[in-house]
Amino acid sequence: MTQVSSLSHITGSDPRYNRDFTIPILYYNPNTYLIINKPEDVRIDGPTDTSPTIESLLYKAFPEHTKIRLIHQLDHCTSGIHMWGLGKEATRHACTAFEKRQVQKSYTAIVNGFLDREEFDIDVPIGEMPNDPKKRMCVVSNEGKGRNAKTDVKVLKRGYMKLPSGRIKKVTLVELKPESGRRHQLRVHMAHIGHPIVGDYLYERPLFSTDAPRTMLHAHMLLMKLDIEGEIKIEAPDPLNDLLMLEEDVTDEVKAIEEAQTNIPRVWMRFGLNGRDVVFENGEIVEYE
């Protein structure tokens with residue numbers, strides 16, 4: 001049964017971008033766990049000299065807890081369900097469940113293009129990208145160089161998305177269920193099949209949406225069995241579905257804009273695994289990074 005804190009949410013502010021944000025509290029048991037709906041583009045932990053972290057804001061909001069323990073990671077750019085431990089034994093139990101893959105997680109994402117299958121899985125190993133200063137991950141073909149990774153993919157909706165610049169993109173809203181928990185797994189797997197997540201500043205190549213308002217990845221559902229609570233299912237409302245244009249707004253004019261040459265941004269392309277990025281415009285190399 002979900003416990004209710006005296007707080008329904010926590011507020012935060014990032015002075016670097018003059019941005020205020022809210023962190024809804026989804027579950028609270030003072031003896032075991034705190035589960036929140038993390039905003040996108042907020043760091044989990046680390047230094048707080050330039051901006052607050054989720055950890056620092058939780059300590060400020062819950063001063064009665066002298067130790068709030070991180071149970072699992074969630075990328076800085078990803079929004080959605082994030083779990084913290086408030087008791088040592090409860091934390092140990094939850095961490096073990098994550099390590100033994102006894103936790104079911106579901107994400108929603110908006111990816112580039114129309115997927116041509118309704119349901120399928122991506123089962124390819126992932127490893128660190130060699131000599132990459134951005135510390136990206138990549139699909140690894142050489143035996144022994146990566147770790148097994150599998151993602152279940154289900155199409156929820158195909159449609160069009162209008163970006164703040166006015167550009168139009170063909171996109172697909174998908175549900176992603178990782179059967180393993182590798183770093184950047186969902187982002188790498190979707191890029192690997194040619195449908196990178198919209199707004200993913202690390203992996204959305206060669207169609208980097210510099211004008212996307214965020215990385216379109218959201219941790220939507222968590223299902224697990226706990227010692228005290230028993231089985232719990234937590235859901236964080238999906239903010240991505242409403243970003244697709246309504247069917248009645250997708251006119252022939254909109255489709256023409258999407259197909260027009262002027263609708264194509266500067267294109268980023270990665271050459272191999274040698275750490276070099278190349279910028280293309282109209283098929284010509286114009287810049288190295």
Side-chain angles (χ1 to χ4, degrees), residues 1-10 12 22-40 42-46 48 52-108 121 123 125-126 137 147-152 175-187 189 217-238:
M1 185 173 114
T2 302
Q3 303 284 320
V4 179
S5 141
S6 58
L7 297 173
S8 62
H9 64 273
I10 301 167
T22 299
I23 307 172
I25 297 170
L26 303 177
Y27 182 95
Y28 177 71
N29 183 327
N31 299 312
T32 56
Y33 305 108
L34 171 64
I35 303 177
I36 62 169
N37 185 359
K38 174 191 168 298
E40 74 277 6
V42 181
R43 289 180 298 116
I44 295 295
D45 53 10
T48 58
T53 62
I54 295 294
E55 183 181 54
S56 68
L57 292 170
L58 292 182
Y59 273 119
K60 183 178 179 181
F62 295 94
E64 65 272 25
H65 293 291
T66 58
K67 186 65 175 177
I68 301 178
R69 298 170 173 87
L70 181 65
I71 289 177
H72 65 103
Q73 291 291 343
L74 195 63
D75 290 346
H76 160 268
C77 63
T78 305
S79 61
I81 296 171
H82 194 245
M83 187 176 190
W84 295 78
L86 303 178
K88 188 174 181 180
E89 285 303 309
T91 301
R92 181 191 61 78
H93 177 78
C95 287
T96 300
F98 273 93
E99 290 169 4
K100 292 184 176 181
R101 302 181 188 176
Q102 296 171 342
V103 179
Q104 295 182 39
K105 295 181 288 183
S106 173
Y107 294 73
T108 55
D121 63 69
D123 191 357
I126 290 175
M137 305 295 283
R147 303 178 69 187
N148 292 336
K150 185 177 180 180
T151 302
D152 297 326
E175 178 185 52
L176 304 175
K177 292 183 177 180
E179 293 189 21
S180 47
R182 309 305 179 208
R183 180 169 175 263
H184 295 177
Q185 175 178 321
L186 304 180
R187 300 162 67 185
H189 272 174
L217 180 62
H218 177 71
H220 172 60
M221 188 277 293
L222 176 74
L223 176 66
M224 64 189 302
K225 188 174 183 179
L226 301 170
D227 275 348
I228 296 176
E229 286 86 346
E231 185 176 273
I232 64 168
K233 181 179 182 180
I234 304 294
E235 294 183 326
D238 177 21

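Starting from 1, each residue takes its place in the sequence as its number. None of the values given here were measured: they were computed from a predicted structure.
Rounding to the nearest 0.5 Å places SG of Cys95 at 9.0 Å from CE of Met83. Taking OG1 of Thr78 as the reference point, atom CD of Glu40 lies at 9.5 Å (rounded to 0.5 Å). The line from CG of Asp121 to CG of Leu176 is 12.0 Å long, rounded to the nearest 0.5 Å. In this structure, CG on Leu186 lies 8.0 Å from NZ on Lys105, to the nearest 0.5 angstrom. Remark: Leu86 CG to Thr32 OG1 distance equals 6.5 Å, nearest 0.5 Å.
Side-chain polar atoms of Thr151 and Glu179 form no donor-acceptor pair below 3.5 angstrom. A side-chain donor from one of Ser106 and Glu175 sits under 3.5 Å from a side-chain acceptor of the other. Between the side chains of Tyr33 and Glu229, no donor N or O sits under 3.5 Å from an acceptor N or O.
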Practice prompt. Under the side-chain contact (heavy atoms from CB on, under 4.5 Å) rule, what do Leu34 and Tyr27 come out as? Steps first, then yes or no, please.
Written response: CA-CA 6 Å; Leu34 171 64; Tyr27 182 95; over 6 Å; no
Fill in: salt bridge (Lys or Arg N to Asp or Glu O under 4.0 Å) evaluation trace for Asp75 with Arg183
CA-CA 9 Å; Asp75 290 346; Arg183 180 169 175 263; over 6 Å; no
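With sequence neighbours excluded, the residues that form a side chain to side chain contact (heavy atoms under 4.5 Å, CB included) with Ser180 are Arg101, Ala149, Arg182, Gln185. Listed by chain and residue number, nothing satisfies the ring-ring contact (aromatic ring centres under 6.0 Å, His included) test with His189 (two or more places apart in sequence, or in another chain). Evaluation of the side chain to side chain contact (heavy atoms under 4.5 Å, CB included) rule for Glu235 yields His220, Met221, Lys233 as partners, not counting sequence neighbours. In this structure, the side chain to side chain contact (heavy atoms under 4.5 Å, CB included) partners of Ala236, at least two apart in sequence or on a different chain, are Leu26, Asn37, Ile81, His218. Among residues two or more places apart in sequence or in another chain, the ring-ring contact (aromatic ring centres under 6.0 Å, His included) test is passed with His93 by none.
Lys88 has its side chain within reach of Arg69: a pair of non-hydrogen atoms, C-beta onward, lies under 4.5 Å apart. Between Ile54 and Lys38, the closest side-chain pair of non-hydrogen atoms falls below 4.5 Å. Looking at Trp84 and Ile71, their side chains never come closer than 4.5 Å, going by heavy atoms from C-beta outward. With contacts defined as side-chain heavy-atom distances shorter than 4.5 Å, the pair Arg187/Met137 does not qualify. A heavy-atom distance below 4.5 Å is found between the side chains of Ile25 and Ile10. Residues Leu223 and Glu231 meet the side-chain proximity criterion, which asks for heavy atoms closer than 4.5 Å. No side-chain heavy atom of Leu222 sits less than 4.5 Å from a side-chain heavy atom of Gln104. You'll find the side chain of Pro30 stays beyond 4.5 Å of the side chain of Phe62, heavy atoms only.
Judged by distance alone, with hydrogens and angles left aside, the side-chain atoms of Thr91 form a donor-acceptor pair with the main-chain N or O of Gly87 at under 3.5 Å. Proximity of a side-chain donor or acceptor of His82 to a complementary backbone N or O of His72 within less than 3.5 Å is detected.
Nearest heavy-atom pair across Gly80 and Leu74 is O-CD2, 3.9 Å.
Around the CZ atom of Arg43, the shell of radius 6.0 Å holds more than 12 heavy atoms that belong to other residues, nucleotides or ligands.
Within the structure, side-chain hydrogen bond (donor to acceptor under 3.5 Å, both in side chains) pairs that include any residue of residues 56-66 comprise Tyr28-His65, Thr53-Ser56 (at least two apart or interchain).
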